[in-house]
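Presented below is the structure to which this report refers.
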There are 4 protein chains.
Amino acid sequence: MGRKEKKTTKINKERILFTAARLMKERGVSNISLSDIAKAVKISKGTLYYYYPSKHDLVFDIAEQSMNHMTQKIFQWVEKSKEDVSPEEILKIVFDTILRAKSRGQIHFYLMLEALSDDSLRERFCQEYAKWKELILDGLNRIIPQGKENSLLAQIILASIYGFLLQTLLGLEKPPLDQISKFLVMADLSPSLPE
Amino acid sequence: MGRKEKKTTKINKERILFTAARLMKERGVSNISLSDIAKAVKISKGTLYYYYPSKHDLVFDIAEQSMNHMTQKIFQWVEKSKEDVSPEEILKIVFDTILRAKSRGQIHFYLMLEALSDDSLRERFCQEYAKWKELILDGLNRIIPQGKENSLLAQIILASIYGFLLQTLLGLEKPPLDQISKFLVMADLSPSLPE
Amino acid sequence: MGRKEKKTTKINKERILFTAARLMKERGVSNISLSDIAKAVKISKGTLYYYYPSKHDLVFDIAEQSMNHMTQKIFQWVEKSKEDVSPEEILKIVFDTILRAKSRGQIHFYLMLEALSDDSLRERFCQEYAKWKELILDGLNRIIPQGKENSLLAQIILASIYGFLLQTLLGLEKPPLDQISKFLVMADLSPSLPE
Amino acid sequence: MGRKEKKTTKINKERILFTAARLMKERGVSNISLSDIAKAVKISKGTLYYYYPSKHDLVFDIAEQSMNHMTQKIFQWVEKSKEDVSPEEILKIVFDTILRAKSRGQIHFYLMLEALSDDSLRERFCQEYAKWKELILDGLNRIIPQGKENSLLAQIILASIYGFLLQTLLGLEKPPLDQISKFLVMADLSPSLPE
DNA sequence: GATGAATGAGTTTTCATTCAT
DNA sequence: AATGAATGAAAACTCATTCAT
């Protein structure tokens with residue numbers, strides 16, 4: 001019984017989350033009102049508040065979900081990276097996967113800005129950001145074990161993802177991800193940096 | 001007389017722009033109301049409307065200003081890049097200059113998101129983004145004329161600037177810009193990519 | 001079985017009443033929601049409604065309880081007033097007892113104001129108020145049988161109780177109840193009022 | 001010019017204050033919404049907020065006004081108390097004046113309860129309450145200079161005012177203020193209290 | 001040029017109450 | 001007896017914008 005009720009709750013929370021995320025990604029976090037969300041989910045404002053006692057809570061949960069999603073994507077990549085594919089091919093796939101999730105990306109951005117003026121949210125992003133860096137590093141260590149600067153490379157990859165994401169969202173021409181991947185992999189394999 | 005008035009107008013517009021930009025960078029574009037701005041500039045709301053017929057216009061002007069500022073920064077770097085300094089040193093300076101302008105960066109981000117749901121703004125950003133890429137490429141061609149993939153490098157630099165900016169704004173540990181610069185320069189100088 | 005259920009019902013009603021009274025005294029009748037109460041009693045809102053079909057009913061019951069409590073306190077005093085203690089000493093005890101029940105007093109006040117805009121509640125308060133006056137008069141007739149103006153004194157005592165209660169609740173300095181008691185008793189014993 | 005504008009503001013604030021006070025006295029502070037007030041004053045909700053940025057501010061101002069009014073009433077009594085009227089007559093007038101202002105009284109009560117859970121308001125009431133005690137004492141010293149316990153009497157008067165006010169508001173029978181006044185004055189004049 | 005008063009549509013939030021289970 | 005999901009009406013509050021002066 002307890003389980004059943006919780007199930008309903010969970011399903012509803014998910015419906016709300018899903019729809020809210022969609023709306024926010026389409027029009028931006030602060031351009032979406034709770035009325036909009038309630039309307040879209042076809043529940044009353046009261047019900048929305050039954051599940052989320054404040055807009056902030058809702059946004060936080062969406063951010064959670066969005067971050068988990070990205071983490072999972074990167075994790076999957078790391079797992080797959082055992083396979084026998086060329087490193088640059090694999091790297092290209094990371095970029096691709098993340099950028100393809102355009103909608104995810106957009107809300108990701110919105111939420112990050114939200115985080116700039118919200119401490120609890122910011123802390124979560126920091127945690128997760130560090131985790132992503134680690135995951136990417138793990139992946140690199142697997143696909144380019146002989147890479148000399150995998151840690152640097154991981155940082156560059158993660159950082160440039162944001163730039164490429166932004167380019168994509170703005171509708172600029174698609175960055176040549178295959179060449180970029182090749183470039184970065186070669187860099188890592190090239191003779192040591194003279195100190 | 002016409003000139004005189006225009007002068008006052010310009011000065012006042014600048015005061016408004018300057019203050020509004022500061023507020024928006026501190027708390028985000030959509031968290032700042034026109035009342036807040038009017039109060040901070042110490043003019044009445046009516047006066048604010050005299051200079052800016054809508055909030056959108058004001059934001060657009062701030063975006064212009066912010067973009068020009070960034071363009072100028074990159075341009076200065078390109079100009080300076082003739083001097084006799086090692087390429088990685090110079091590259092580090094670009095990163096540094098841009099990231100140091102933390103406050104500029106923050107509003108830059110806010111505005112970019114604003115642009116995602118505002119066509120006129122988005123178009124301006126696209127134009128400017130392309131210009132930045134060109135400028136950076138120019139610079140690279142000067143400091144690493146023998147670089148084989150300056151175009152790719154320019155894209156990676158510009159893209160990763162956004163990621164590093166975000167890291168900085170979130171208060172994460174400072175990225176090791178000197179190593180990153182070295183890494184990227186070496187990459188560009190390393191033996192050709194086998195096609 | 002019917003009895004058993006009634007017992008549970010009574011116990012539950014009392015738990016609700018007790019907790020609700022505490023909350024309302026702490027933050028005021030209209031600042032407490034039924035959710036707050038349900039949460040504090042650790043029952044569901046539905047259950048709360050099972051016992052009290054409306055917030056009004058609940059408040060009414062709390063008022064009943066609160067009034068009964070005060071009545072009882074005064075009654076106890078009247079009963080005790082046979083004992084061989086000086087009248088002013090006894091009078092001081094009344095004041096003291098009532099004022100000491102600070103928490104009771106606070107909710108008493110809140111409820112009285114509630115009564116101002118609720119006819120059924122107001123009527124109950126009026127009834128009870130008259131009863132208190134009578135009870136106090138009874139007590140006075142016992143401890144100061146030679147008092148000439150016991151009825152007036154009763155009214156003054158009851159009225160000033162409210163003022164002193166308010167003082168106490170506001171955190172003002174404690175009124176010198178012993179001197180006040182002495183003063184009032186002496187007044188009652190002093191040579192007749194020339195008409 | 002500056003004056004003219006402030007004048008309008010003042011007049012409007014007064015209109016709002018006056019109407020809001022009336023509504024609150026009729027139905028209680030927490031039963032009145034800002035919509036109700038706006039409607040009654042025939043301005044928009046926005047305008048109401050232009051003058052009072054929060055409900056709390058409005059209530060605070062009404063409380064201020066209400067307290068000032070009571071202070072003034074007591075002060076006037078003190079001033080008048082030089083005249084050649086019997087002390088009990090004068091005392092009766094105080095009671096009368098205050099109780100007659102039924103509406104003032106009701107809101108006074110509501111506000112006092114509001115003060116119990118609002119520190120800034122409570123502080124103001126405490127200040128004012130002390131002032132009232134002083135004023136009443138001044139008056140007594142004038143009309144009953146030979147009174148032995150004017151300070152005690154002042155406290156009793158102030159305290160019982162609240163009780164009588166409550167009685168009046170609840171619609172109970174009018175307290176016999178003339179007899180009560182006589183009683184209290186005689187008490188004060190009667191032979192000294194044996195310690 | 002400049003002001004501040006006024007607005008109304010919108011936002012987030014609260015809450016007593018109902019009801020199927 | 002008991003629950004918690006759902007509701008809708010109304011609350012407090014925000015804000016870009018208009019306008020008479």
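Quick caveat: nothing in here was measured; it's all calculated off a predicted structure. In the text below, chain A, chain B and the rest are named by the order of the sequence lines, each starting its count at 1.
- C:Tyr51 comes within 4.0 angstrom of the backbone, heavy atoms only, and of no base.
- Among the protein residues, A:Ile32 comes within range of the sugar-phosphate backbone only, with heavy atoms under 4.0 Å from sugar or phosphate atoms but none that close to a base.
- At least one side-chain nitrogen or oxygen of C:Tyr49 sits closer than 4.0 Å to the OP1 or OP2 atom of E:dT17.
- Residue whose closest nucleotide on DNA chain E sits further toward the 5' end, between A:Leu34 and C:Asn31: A:Leu34.
- As rounded to whole Å, 11 Å separates atom C1' of F:dA6 from atom CD1 of A:Ile16.
- Across all strands shown, E:dA2 is found opposite F:dT21 as a Watson-Crick or G-U wobble partner, with both distances under 3.5 Å.
- Using a 4.0 Å cut-off between a side-chain N of Lys or Arg and a carboxylate O of Asp or Glu, A:Asp119 and A:Arg122 qualify as a salt bridge.
- Regarding D:Lys13, its NZ atom lies at a distance of 13 Å from the P atom of E:dA6, rounded to whole Å.
- In terms of modelled atom types and a separation under 3.5 Å, the side chain of D:Arg15 and the main chain of D:Val41 share a donor-acceptor contact.
- Applying a 4.0 Å cut-off to non-hydrogen atoms, the residues of residues 38-47 of chain A that approach DNA chain F are A:Ile43, A:Ser44, A:Lys45, A:Gly46, A:Thr47, listed by residue number.
- Whole-Å rounding puts the B:His56 NE2 to F:dT17 P distance at 10 Å.
- The listed nucleotides are F:dA12, E:dA6, F:dA16; the one nearest the side chain of D:Asn12 is E:dA6.
- Considering A:Thr47, A:Asp57, A:Asp61 in turn, A:Asp61 is the only one that fulfils the side-chain hydrogen bond (donor to acceptor under 3.5 Å, both in side chains) rule with A:Tyr52.
- Distances were taken from every side-chain heavy atom of A:Ser54 (C-beta onward) to each of E:dC15, E:dT13, F:dC13; the shortest belongs to E:dT13.
- Residue D:Ser33 places at least one side-chain N or O closer than 4.0 Å to OP1 or OP2 of F:dA11.
- One atom, CD1 of C:Ile37, and another, P of E:dT17, lie 11 Å apart when rounded to the nearest Å.
- No donor-acceptor pair under 3.5 Å is formed between the side chain of D:Asp36 and the backbone N or O of D:Ile32.
- Checking the phosphate oxygens (OP1, OP2) of E:dG1, a side-chain nitrogen or oxygen of B:Thr9 falls inside 4.0 Å.
- Which of F:dA12, E:dA16, F:dA16 sits closest to the side chain of D:Lys55 comes down to F:dA12.
- F:dA1 atom P lies 4 Å from atom OH of C:Tyr50, rounded to whole Å.
- Distance, B:Leu48 CG to F:dT18 C1': 14 Å, rounded to whole Å.
- Regarding A:Asp36, its CG atom lies at a distance of 16 Å from the C1' atom of E:dT13, rounded to whole Å.
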B:Met24 vs B:Ile37, side-chain contact (heavy atoms from CB on, under 4.5 Å): CA-CA, chis, key distance, verdict: CA-CA 9 Å; B:Met24 288 183 180; B:Ile37 296 169; 4.1 Å; yes
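- Checked for salt-bridge contact, A:Glu14 and A:Lys10 miss the test: no charged N lies under 4.0 Å from a carboxylate O.
- Rounded to the nearest 0.5 Å, atoms CG (D:Asn31) and OG (C:Ser30) are 7.0 Å apart.
- With 3.5 Å as the limit, one finds a donor-acceptor pair spanning the side chains of C:Ser120 and C:Asp118.
- Distance C:Lys10 NZ to F:dA1 C1': 19 Å, rounded to the nearest Å.
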